[in-house]
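Okay, so here's the structure we're looking at.
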Amino acid sequence: MKIRSATRYLNDWSGSQTLLNAQLKLFTLMLAANVVKGGIYLYDAMTRYNGDGSGRAIRLMVSSMLIILVLRRFPKILKWGIHYAVIATIAHVYYRTFNRSVGLDVVTLQAIIMVIISAFYGLGKLWGTIYTIIAAAASIAVHFISFRFTGLHPLPQNLNDIYIVVNWLVILFSHIYFHGVLYGNLRASKTLSLQLAEAAQAKTNFLSTMSHELRTPLNSVIGIAGLLISDEANAKQKEQLDVLKFSAEGLLTLINDILDINKLDAGKLELESTPFSLDLLLNGIAQGMEFKAHEKGLKFKSDVDASLKNKTFQGDPARLGQILYNLVGNAVKFTEKGEVTLKVELLKAEKLTHQMRFRVTDTGIGISPEQQKLIFEPFQQATASTTRKFGGTGLGLAIVKQLAEMFGSQIQLESELGVGTSFYFDLSLEQVEQQAPTTLSTATTPTEKNLSGLRILLAEDNMMNIYFMKQLFKRWDITADIAENGAEVLELLDQKDYDLVLMDMHMPVMDGMQATQKIRQMIDPAKANIYIIALTASVSDQIQKRVINCGMNDYLHKPFQLEELRAKLEERADRS
Ligand code: ADP
């Protein structure tokens, strides 16, 4: 809606159209003034000089009227008309300046001013400068050249005054026109930039909402595929379910990538700053990727400088991990045989600041020099056949590049076709004394504890997700009650005791946040303090803060891995 109205506005509004109108108006005004001025001369010639000089006056009037008529018919020749009028006015300036009976009087100076106005406003900077210099030169040249004309009758005082007033009026109106155009255009461009900013915001919001809406159904697709795979499916069904789960997870990665690039473009992505263990991060990546590399028959090597081990650094492990996952993922994807290496070397250590180089090398297909310039642009892939053969969207490296820039670094690339590729970037990380969390996520590895005693209240309005969660709870031997909105949560909580609420955030009637605030105000302290885990498809970086601020205890992103939820439930089962 906003985008359409901005485009329409762009089409309607055209600064050059308004400028052309003002030029036409100005020029017509000047010509009309010439008719009046010719009339004054004609009157003077007839009344005082028996018609002597009337020919020149009539020529001025007729030619000005003719040009007005021609211009109305063919406005395109305006530029030529202005050139002609400016040259004629300059000739007039010289004629008066070198005339014995007039010279450099007020009218001559007014003519010079009119040359400047028409040349600059009508013809632009270059012609404006040229014509101004020529017209102004008359006022200097007259002191050096003694030659003078005769034959121009000076007007009597009263007619001369009228002539001067007409000229001042032309000068005044030309400024009024162009001032209007200038400020009108400034106002219009301000409105336009506001509308464009709104359009960009609308695009960001649309993408965020759309991605959010897509994540919700994906939760049940990925979840149920996961459930079916671990059911007693036969080999063929398992294979098909693997494809289903793989595709759904690919779709999720794509949605997350679109969200990330959208946030990066809108300048809304912020890096976190928390203590983290580099070892743990690199091990996690190595473990995940080693498996993928081995599946393809590739060797995977992780080579981390010994002096970086067992240290805690301050930074954003999730985003650093995202960069490395992308680079290693690509290396595995574009390599058919040989090996993929993830190397971290220490370049310099000064006190607590450690400068290190992360390098991902493969022995894959390589990237040609021309393609190297393109691949960091969003939606760009090396060749069209890349998409056919390897899939992908071309968003990964665009995100990697911008994320690296947020870390204050630059992604570098060395590659040779058919030999392999090496991506690297340097980072400066501060070592901190504080102990980093021993796991990357709060979820611990599930241990198949018995969860049957856990009394869960699930708040969820999406039927597919309810179905999926019911299947999951059945498998885990949990009996759960379902509330389809916040108001039902309060009702059920009032009637029965629970150990835990799994709370969807977006629900009709009363959303998860409102419901939580109301729960926290309940009179019975056991109910008011019930443990609440938010289930959210929200993609905001602030979600953790918002969830905690409104009184919830923990959260899970939809779509979540079954193990993640299981781990959180086991933790609660231990405590209840
Ligand atoms: P995607 O992998 O989704 O296509 P990327 O932005 O991650 O998008 O990569 C863009 C393109 O860069 C890829 O399509 C591929 O052509 C090329 N590319 C990236 N990494 C490598 C690599 N390690 N070896 C060869 N080509 C690569």
Side-chain angles (χ1 to χ4, degrees), residues 207 211 214 218 246-265 269 282 285-286 288-303 318-344 357-407 409-426:
L207 279 176
S211 308
L214 285 171
L218 264 184
F246 179 79
S247 307
E249 281 170 352
L251 192 53
L252 181 63
T253 311
L254 173 63
I255 293 168
N256 288 341
D257 279 355
I258 292 177
L259 277 165
D260 277 347
I261 201 91
N262 198 29
K263 269 198 225 161
L264 282 163
D265 280 350
L269 198 137
L282 295 171
I285 294 170
M289 286 299 164
E290 198 167 19
F291 178 73
K292 279 200 169 168
H294 288 170
E295 262 183 347
K296 278 186 86 176
L298 303 172
K299 263 208 251 161
F300 182 87
K301 263 200 334 217
S302 167
D303 174 6
R319 294 299 179 183
L320 177 58
Q322 189 178 0
I323 297 180
L324 294 171
Y325 259 116
N326 258 301
L327 293 178
V328 180
N330 274 349
V332 172
K333 183 163 145 192
F334 296 107
T335 305
E336 292 309 323
K337 58 176 191 291
E339 63 176 27
V340 169
T341 320
L342 167 60
K343 187 173 173 175
V344 189
R357 174 162 295 173
F358 293 81
R359 186 185 280 275
V360 177
T361 311
D362 64 56
T363 53
I365 58 172
I367 308 165
S368 72
E370 306 84 66
Q371 292 157 356
Q372 289 181 22
K373 290 183 205 123
L374 294 176
I375 52 168
F376 292 104
E377 296 298 318
F379 302 107
Q380 288 288 346
Q381 295 184 317
T383 59
S385 64
T386 310
T387 324
R388 281 195 298 277
K389 191 162 172 208
F390 299 100
T393 55
L395 278 176
L397 285 181
I399 293 172
V400 162
K401 177 174 178 262
Q402 294 194 46
L403 282 179
E405 282 168 8
M406 292 199 66
F407 274 103
S409 182
Q410 288 278 332
I411 290 278
Q412 309 287 339
L413 161 64
E414 288 161 359
S415 184
E416 201 176 322
L417 270 184
V419 178
T421 306
S422 178
F423 284 95
Y424 65 93
F425 60 98
D426 298 346

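Ligands are counted one by one from 1 in listed order, and the atoms in each one are counted from 1 as well. If you're wondering where the values come from, they're calculated on a predicted model, not measured in any experiment.
- Counting only non-hydrogen atoms, the option in Asn330, Val328, Leu413, Thr361 that gets closest to atom 19 (C) of ligand 1 is Asn330.
- Side chain of Ser409 to backbone of Asp426: a donor-acceptor contact under 3.5 angstrom is found.
- The side chain to side chain contact (heavy atoms under 4.5 Å, CB included) test with Tyr424 singles out one residue from Gln412, Gln410, Lys343, and that residue is Gln412.
- Of the heavy atoms in Asp362, only side-chain atoms (C-beta onward) come closer than 4.0 Å to ligand 1.
- By the 30° and 60° cut-offs, the orientation of the rings of Phe423 relative to Phe376 is perpendicular.
- Between Lys333, Gln371, Lys401, it is Lys333 that holds the heavy atom closest to atom 2 (O) of ligand 1.
- Within the 4.0 Å heavy-atom criterion, both parts of Leu397, backbone and side chain, lie near ligand 1.
- Near Ile367, the atoms of ligand 1 lying under 4.0 angstrom from a non-hydrogen atom of the residue are 18 (N), 21 (C), 25 (C), 26 (N), 27 (C).
- Taking every heavy atom of Phe423 and a limit of under 4.0 angstrom, the matching atoms of ligand 1 come to 20 (N), 23 (N).
- Under the side chain to side chain contact (heavy atoms under 4.5 Å, CB included) criterion, Asp265 pairs with Ile261, Gln402, sequence neighbours left out.
- Looking at Phe425 and Leu327, their side chains come closer than 4.5 Å, going by heavy atoms from C-beta outward.
- When non-hydrogen atoms are compared, ligand 1 lies under 4.0 Å from neither the backbone nor the side chain of Phe376.
- Evaluation of the salt bridge (Lys or Arg N to Asp or Glu O under 4.0 Å) rule for Lys373 yields no partner, not counting sequence neighbours.
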